[in-house]
Protein chains: 2
Amino acid sequence: MKIALDSFDYKILGILQDNAALTNQEISERIGLSASQISRRRQKLEQEGVIRRYRADLNPQALGLLVTAYVGVTLGAHSRENAARFRTMVTAMPEVQEAHTMTGDVDYILKIVVPDLQALSRVINDDLLPQEAVQNVRSSIAMETLKDENRLPLRSTA
Amino acid sequence: MKIALDSFDYKILGILQDNAALTNQEISERIGLSASQISRRRQKLEQEGVIRRYRADLNPQALGLLVTAYVGVTLGAHSRENAARFRTMVTAMPEVQEAHTMTGDVDYILKIVVPDLQALSRVINDDLLPQEAVQNVRSSIAMETLKDENRLPLRSTA
DNA sequence: CTATCCAACGCAATTTTCATGCACACACCC
DNA sequence: GGGTGTGTGCATGAAAATTGCGTTGGATAG
């Protein structure tokens, strides 16, 4: 199933990506399309899976989550089961916001958000390092976040 | 101004963080508080800045954004202006989802999302490397994303 | 122990927003 | 030229959010 999006769809996505609290009427006024059409197009986009869901974007500072860190994990040449266990574990850890397998010298990169450095240390020493599969862990702490919008770049063409 | 949150607030935040499309009535049923109170508490949380905004979470695959990369940037010992220019530039680049200044041997980590490897190469060679301040760039590509929910870990206490 | 106060609560009424049936317009194909 | 299909705006009915209001419960002071 091919998904065809026109420029109205892109405009709607671009707006909703920044502010999903706008009413269809407000979106309507910004892009010059009736509110009912906005509604129908949104339904389509949701059904097609282009819009995965709607989320509240919380302020980490206000919640006492002051430390963001990127942790590079290297796995040893271990059993498939241990590696699988590592992935399951990491996926289930609430402090881990993102986890990717990477090309290059590091196998995994984890984005971790915690209240303070002590909590980071706990996560690394108690949760990550004890795992069989883990050979090495290198963490780097974000001192200042310049940008963290997780806004996808929508191609302007079409 | 100290922000005091009780367990109802945490429950609301936890739910909205996963699904902001739920009605107050539905949230009400899940946590045992009337819909009108959910509404009032949400207003308070929004006003206090705990809830920053509501966003549509888009599917990168469906939009042809197939490549996620983490790029570590090292700055040379250059002028303050060049460094500032770098930060401005990076903040304005749509492909850059996140940008953090880091502790350790790398000055910045950028999370970049692009359609393909060619586009990544373009970003690095045309946008990043030509900058005065930039000394070195090392990129690592995400082969598989295990987790990318950007869900903050809300402390269960209180 | 009781009176008072204040914040939080639920209910119900109001207002806003959403969803959909319907008729029309435009483009494309036969 | 006529028919078909997709997309559109308008208007209506349904659903949801918001808010006024009276009440409740817990803390504090007398």
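Small disclaimer: the values here were computed from a predicted structure and weren't measured. Below, chain A is the first sequence line, B the second, and so on; all start at residue 1.
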Legend entry - Length of the NZ-P vector between B/K44 and D/dT19, whole Å: 15 Å
Legend entry - Donor-acceptor under 3.5 Å (B/R151 side chain, B/G14 main chain): yes
Inset, instruction - Answer yes or no: are there more than 12 heavy-atom neighbours, outside A/Q118 itself, under 6.0 Å from its atom CD? - result: no
Inset, instruction - State whether the number of non-hydrogen atoms from other residues, nucleotides or ligands found under 6.0 Å of B/R138 atom CZ is greater than 12. - result: no
Inset, instruction - Tell me, yes or no, whether the heavy-atom count around A/E132 atom CD, taken from other residues, nucleotides or ligands under 6.0 Å, exceeds 12. - result: no
Legend entry - Strand-adjacent residues in residues 22-42 of chain A, judged by heavy atoms under 4.0 Å from DNA chain D: A/L33, A/S34, A/S36, A/Q37, A/R40, A/R41
Legend entry - Euclidean distance, atom CG of residue B/D9 to atom P of C/dA8 [Å, nearest integer]: 10 Å
Legend entry - N/O (side chain, A/Q43) to phosphate O (OP1/OP2, C/dT20) under 4.0 Å: yes
Can you give each donor-acceptor pair under 3.5 Å made by side-chain atoms of residues 61-77 of chain B, sequence neighbours left out, with the distance rounded to 0.1 Å?
unit_1, atom_1, unit_2, atom_2, d
B/Y70, OH, A/E98, OE1, 2.5
B/Y70, OH, A/H100, NE2, 3.2

